[in-house]
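In this text, all values refer to a predicted model and were calculated from it rather than measured experimentally.
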Amino acid sequence: MSAGLFGLLDDVAALARLAAASVDDIGAAAGRATAKAAGVVIDDTAVTPQYVHGITADRELPMIKRIAIGSLRNKLVFILPAALLLSQFVPWLLTPILMIGATYLCYEGAEKVVGWFHRSSRHDAHAAPTASAGEDAEKQMTSGAIRTDFILSAEIMVIALTEVADQPFWPRLIILVVVAFVVTAAVYGVVAIIVKMDDVGLSLAQRSSRFAQTLGRGLVAAMPKVLATLSTIGTVAMLWVGGHILLVQSDKLGWHVPYGFVHHIEENVHHAVEGVGGLLAWLVNTAASAVIGLVVGAVVVAIVNVLPFRRKGGAH
């Protein structure tokens with residue numbers, strides 16, 4: 001009797017260890033998948049604050065909350081089921097889909113670069129609401145932010161999926177759900193902090209402490225520069241991530257020349273410089289990816305701008 005009881009306890013302990021190991025494996029895999037998508041996460045974080053630019057302080061957080069809920073809905077309701085079905089039944093489609101999304105990122109990034117020179121890009125014209133725009137305009141801006149998020153979320157989830165494609169179905173599902181929640185919380189938590197920093201600065205500036213006043217005025221003065229810097233980072237991240245995806249995935253499809261050329265330079269830099277060779281090699285890869293992204297994006301921008309419907313749209 002006691003032997004049977006101890007045997008049962010041993011079995012329970014073994015199952016508990018197995019479950020714990022599975023949880024650890026899922027957590028580690030989710031961490032790797034999230035890290036792999038870090039470039040798009042940076043882009044998502046940098047792009048989103050512009051959608052609440054000009055919104056009154058009392059409407060900023062509710063608007064960010066609605067965008068965050070829409071982002072999570074994008075990931076869990078639309079993207080995740082489609083990605084899992086594709087990975088389960090037609091996994092070969094993931095690479096073309098990933099490249100289409102990457103091309104769109106390149107297009108968005110290149111369009112912003114063009115906008116820096118012409119100061120009249122379509123995206124900027126739609127992404128700067130005013131505080132007096134009203135509830136309807138705010139809803140439109142929220143919808144626009146959620147639509148933009150859909151592309152970025154799709155890239156994040158597909159990139160994460162490619163990292164855990166070798167996992168069985170249920171662990172893969174759990175990992176992607178974890179990634180969806182972690183990424184959404186991280187992105188929109190940081191966005192909420194960014195957009196409220198000027199309010200924190202105003203509050204500090206009104207205190208009696210001279211140090212608090214100085215810090216507060218510094219925060220208020222710095223926020224426009226921070227937002228401008230984030231916008232630039234977001235644009236570079238779009239080009240870098242889009243170009244890198246195209247570089248790697250084209251190699252998987254059999255076009256080895258671009259990837260082989262960049263990888264050859266990267267390896268030479270890595271071995272030529274001791275100590276910081278790894279960092280310099282990464283910078284070479286990143287710069288090459290960004291250039292590829294800019295070239296591809298510029299081509300797509302040129303094509304889109306000569307299409308008849310684009311010319312008609314630009315006439316309004």
task: Using the side-chain contact (heavy atoms from CB on, under 4.5 Å) rule, take Leu76 and Phe181 through it: C-alpha gap first, then chi angles, then the decisive distance, then the call.
output: CA-CA 9 Å; Leu76 296 180; Phe181 276 99; 3.8 Å; yes

Search all heavy atoms of [X] against all heavy atoms of [Y] and return the closest pair with its distance.
| X | Y | value |
| --- | --- | --- |
| Tyr188 | Ile64 | O-CG2, 4.0 Å |
| Leu239 | Ala110 | CD2-N, 3.7 Å |
| Thr184 | Ala68 | CG2-O, 3.6 Å |
| Ala160 | Val179 | CB-CG1, 4.1 Å |
| Ala205 | Gln213 | O-CG, 3.4 Å |
| Gly243 | Cys106 | N-SG, 3.7 Å |

- request: Going by the side chain to side chain contact (heavy atoms under 4.5 Å, CB included) test, name the single residue among Val236, Val301, Leu294 that passes it with Val113.
  value: Leu294

Under 3.5 Å donor-acceptor, [X] side chain and [Y] backbone:
| X | Y | result |
| --- | --- | --- |
| Thr95 | Trp92 | no |
| Gln88 | Phe169 | no |
| Ser87 | Leu84 | yes |
| Asn74 | Ile146 | yes |
| Ser203 | Asp199 | no |
| Ser71 | Ile67 | no |

Between [Y] and [X], do the side chains contain a donor N or O and an acceptor N or O under 3.5 Å apart?
| X | Y | result |
| --- | --- | --- |
| Lys75 | Ser153 | yes |
| Lys139 | Ser143 | no |
| Glu266 | His270 | no |

Decide whether [X] and [Y] are clustered together by the hydrophobic rule: side chain heavy atoms of Ile, Leu, Val, Met, Phe, Trp, Tyr closer than 4.5 Å, transitively.
| X | Y | answer |
| --- | --- | --- |
| Val257 | Val248 | no |
| Val299 | Trp240 | no |
| Val262 | Val291 | no |
| Ile193 | Leu204 | yes |
| Trp255 | Leu247 | no |

Euclidean distance, [Y] [atom2] relative to [X] [atom1], rounded to 0.5 Å:
| X | Y | atom1 | atom2 | answer |
| --- | --- | --- | --- | --- |
| Leu94 | Gln249 | CG | CD | 9.0 Å |
| Leu105 | Ile100 | CG | CD1 | 12.5 Å |
| Leu215 | Phe211 | CG | CZ | 5.0 Å |
| Leu176 | Ile79 | CG | CD1 | 11.0 Å |
| Lys196 | Leu202 | NZ | CG | 10.0 Å |
| Leu98 | Leu161 | CG | CG | 9.5 Å |

- prompt: So Tyr104 and Val300, side-chain contact (heavy atoms from CB on, under 4.5 Å) or not? Walk me through it.
  reply: CA-CA 9 Å; Tyr104 181 82; Val300 177; over 6 Å; no

field: Over 12 foreign heavy atoms within 6.0 Å of NE2, His271
entry: yes

message: The test is side-chain contact (heavy atoms from CB on, under 4.5 Å); show your working for Leu280 and Val284 and say whether it passes.
response: CA-CA 6 Å; Leu280 292 176; Val284 167; 5.5 Å; no

- prompt: Excluding sequence neighbours, so at least two apart, what forms ring-ring contact (aromatic ring centres under 6.0 Å, His included) with Tyr259?
  reply: His263

- request: Evaluate side-chain contact (heavy atoms from CB on, under 4.5 Å) for Met223 paired with Val226, printing each intermediate quantity in order.
  value: CA-CA 5 Å; Met223 284 316 297; Val226 170; 4.3 Å; yes

